[in-house]
Amino acid sequence: MIRTRIAPSPTGLLHIGTARTALFNYLYAKSQGGQFILRIEDTDQARSTQEFEQNIVTGLEWLGLHPDEGITTSGSKGDFGPYRQSERTELYRPYLEQLIVSGAAYWDTTPLEEIAQQKEQAQQAKRPFVYRPECREQQNEYRDGAVLRFKVQDEVIWFEDKIKGKIEFDMSLMGDFTLSKGWDNPLYNFVVVIDDELMKITHIIRGEDHISNTPKQIVINRALEFSRKTFAHLPLILAPDRSKMSKRHGAVSIDQYRQEGYLPEALVNYFALLGWNEGNDREEYSLEELIQKFTLKRVQKSGAVFNIDKLQSVNASYIKALPLEQKITSGVQFLSQNRYNIQHLAQDQLERAIDLECQRIKTFGDIGEGIDFLFKDPVYDSNILLWKDMSISDVKENLEWVRQVVYNIEEKTSKEIEQTVKAEIQQDNRKPGCVLWPLRVALSGKERSPSPFEILTILDKPTALNRIDTALKLLSER
Ligand code: GLU
């Protein structure tokens with residue numbers, strides 16, 4: 001059974017890198033009929049917090065990446081717990097002992113200052129610094145302040161990365177690294193190996209920033225005679241200038257995307273494309289479709305550039321495709337959040353306004369700006385009432401004429417209204433632009449807005465007539 005895991009450290013909010021790694025682990029596990037596990041790596045107690053853990057766990061679930069095992073919003077589940085490293089301390093000790101007994105690890109009490117001195121001397125002499133102290137050959141007992149080090153051998157360690165291909169390390173360049181500070185403070189490279197084994201993880205899929213940890217984990221894994229794991233390192237997410245993506249390039253926390261009105265399905269869809277494609281330029285996939293199509297083979301080797309315009313356009317299509325009730329729920333929520341006064345609109349007017357706006361917006365955070373004229377009378381410069389080279393009197397005459405047409409309208413849908421108004425225009429032998437432009441501006445106060453027919457399905461008739469009167473008044477004052 002294929003088992004993958006996401007193993008975030010709760011030292012910050014859930015960010016796009018972790019979300020994308022979680023997604024690829026989820027997709028790989030699900031595509032193989034396997035399981036996806038969420039483990040919290042909180043060995044760095046000084047920087048880990050419960051709030052960050054909660055943010056990560058709820059964020060992943062919000063994205064729809066529900067773990068089969070591990071920490072969930074409704075507690076821990078699975079047979080291989082605890083799934084929080086801080087609760088596993090006593091599980092680690094026997095493995096530390098085993099490494100000491102087999103001679104793969106040793107206690108080192110060399111003071112840090114002395115190691116720093118050795119390093120400096122090496123630098124001055126321009127030789128590489130490879131820490132291999134004499135005490136590595138002695139069977140020292142534990143003493144206060146001692147660290148347990150892994151005895152690195154001179155050899156070449158290699159592994160076949162499922163994404164990057166063969167990767168080799170010359171271990172003669174690597175110093176003896178720390179497994180644990182004392183008995184009770186085991187460190188990342190050691191605990192990760194124990195946890196992956198005890199949790200029966202088969203595939204370790206993670207960011208390429210972990211490649212340098214992999215040889216360390218391989219030698220520990222081998223020394224403990226654990227099963228071999230398969231590794232796949234994902235390309236970094238890059239900013240448009242190809243530097244490492246960070247806060248200064250835009251939002252990196254999932255929370256922020258949620259608050260700005262991105263849909264989880266759109267984020268998941270976009271994250272899948274950050275480093276993976278099916279071999280064509282298809283851009284829209286549901287999570288189910290991704291599970292069917294995903295393979296590690298088609299993950300690219302080099303950095304994946306984050307393109308906010310593409311994410312926004314994916315999000316816009318997901319908003320357009322939402323069922324009406326969801327448009328309304330999110331629309332109302334974000335309109336209130338954006339402080340639009342929607343109280344005086346009747347429910348059906350509000351629903352039509354939101355539906356209309358959902359054709360245009362890229363995120364729910366954008367909602368309102370394009371239809372604010374529906375909530376309050378617009379204030380605008382009368383110049384924009386003039387279509388091309390129309391004279392003021394021409395505009396007035398057309399507006400007065402169309403006022404009567406609007407007054408008589410009985411139709412309800414935008415299509416019907418359009419037909420009626422256009423038929424009247426034709427019958428009266430008028431130029432459509434000369435009527436429709438001033439009408440639309442009178443109703444919306446904007447140079448760009450939805451069509452007058454759509455606006456007329458939302459504004460009630462007295463308001464529409466009132467706005468035409470206001471426009472006529474503005475023109476008379478000129
Ligand atoms: N805890 C590590 C991190 O948050 C992940 C370790 C791993 O995937 O092996 O970067």
Side-chain angles (χ1 to χ4, degrees), residues 2-29 34-57 59-60 65 67 69-71 80 82-89 92 159 161-164 167 169 177-180 185-221 224 226-237 244-246 252-254 271 275 296 299:
I2 302 281
R3 286 169 60 90
T4 67
R5 60 14 173 224
I6 181 74
S9 304
T11 54
L13 298 173
L14 174 62
H15 61 87
I16 52 178
T18 308
R20 197 238 356 208
T21 303
L23 173 64
F24 282 34
N25 274 283
Y26 179 90
L27 292 177
Y28 185 65
Q35 286 171 328
F36 167 64
I37 289 107
L38 170 52
R39 174 173 81 223
I40 292 291
E41 302 209 321
D42 55 353
T43 46
D44 183 350
Q45 285 285 302
R47 289 172 58 227
S48 301
T49 72
Q50 253 176 19
E51 288 72 30
F52 288 143
E53 177 187 308
Q54 204 189 2
N55 178 273
I56 293 168
V57 174
L60 290 172
L65 307 177
E69 249 176 56
I71 309 284
F80 303 97
Y83 290 92
R84 218 174 260 115
Q85 285 178 336
S86 59
E87 293 165 11
R88 297 173 63 80
T89 313
Y92 300 130
F159 64 97
D161 190 283
K162 282 280 177 226
I163 295 167
K164 308 247 171 201
I167 302 183
F169 291 89
F177 57 89
T178 310
L179 298 168
S180 180
N185 196 2
L187 302 185
Y188 163 70
N189 277 307
F190 168 72
V191 291
V192 94
V193 170
I194 310 301
D195 289 348
D196 285 340
E197 174 72 10
L198 296 184
M199 294 179 185
K200 299 198 183 316
I201 302 301
T202 58
H203 287 66
I204 296 172
I205 304 170
R206 59 187 175 188
E208 71 174 33
D209 45 334
H210 282 289
I211 288 183
S212 59
N213 290 321
T214 306
K216 297 180 184 169
Q217 294 171 13
I218 288 176
V219 291
I220 300 171
N221 194 76
L224 290 166
F226 287 166
S227 63
R228 280 180 86 117
K229 316 289 186 287
T230 302
F231 291 92
H233 288 94
L234 304 172
L236 286 182
I237 300 177
K244 195 175 167 196
M245 179 80 187
S246 71
V252 288
S253 82
I254 296 300
F271 291 156
L296 285 173
V299 177

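Only this structure's heavy atoms are used, side chains among them; waters, hydrogens and symmetry mates stay out. Atoms within each ligand, like the ligands themselves, are counted from 1 in listed order.
No salt bridge links K229 with D196; every basic N to acidic carboxylate O contact stays at or beyond 4.0 Å.
Under a 3.5 Å cut-off, the side chain of D161 and the backbone N or O of H233 do form a donor-acceptor pair.
Atom CD of Q54 sits in a sparse spot, with 12 or fewer heavy atoms from other residues, nucleotides or ligands closer than 6.0 Å.
Residues Y188 and E41 bring no donor and acceptor atom of their side chains to less than 3.5 Å of each other. Looking at Q85 and D195, their side chains do bring a donor and an acceptor atom within 3.5 Å of each other.
Close approach of ligand 1 to V192 (heavy-atom distance below 4.0 Å) involves ligand atoms 9 (O). Taking every heavy atom of E41 and a limit of under 4.0 angstrom, the matching atoms of ligand 1 come to 1 (N), 2 (C), 5 (C), 6 (C). Close approach to R5 involves these atoms of ligand 1, each under 4.0 Å from a residue heavy atom: 7 (C), 8 (O), 9 (O). Near R206, the atoms of ligand 1 lying under 4.0 angstrom from a non-hydrogen atom of the residue are 7 (C), 8 (O), 9 (O).
Summary of contacts: the protein heavy atom closest to atom 10 (O) of ligand 1 is H210 NE2, 3.0 Å. The protein heavy atom nearest to atom 6 (C) of ligand 1 is Y188 OH, 3.2 Å.
Considering backbone and side-chain N/O of A7, one or more are found under 3.5 Å from N/O of ligand 1.
Evaluated for a ring-ring contact (aromatic ring centres under 6.0 Å, His included) with H203, the options F231, Y28, F36 yield exactly one hit, Y28.
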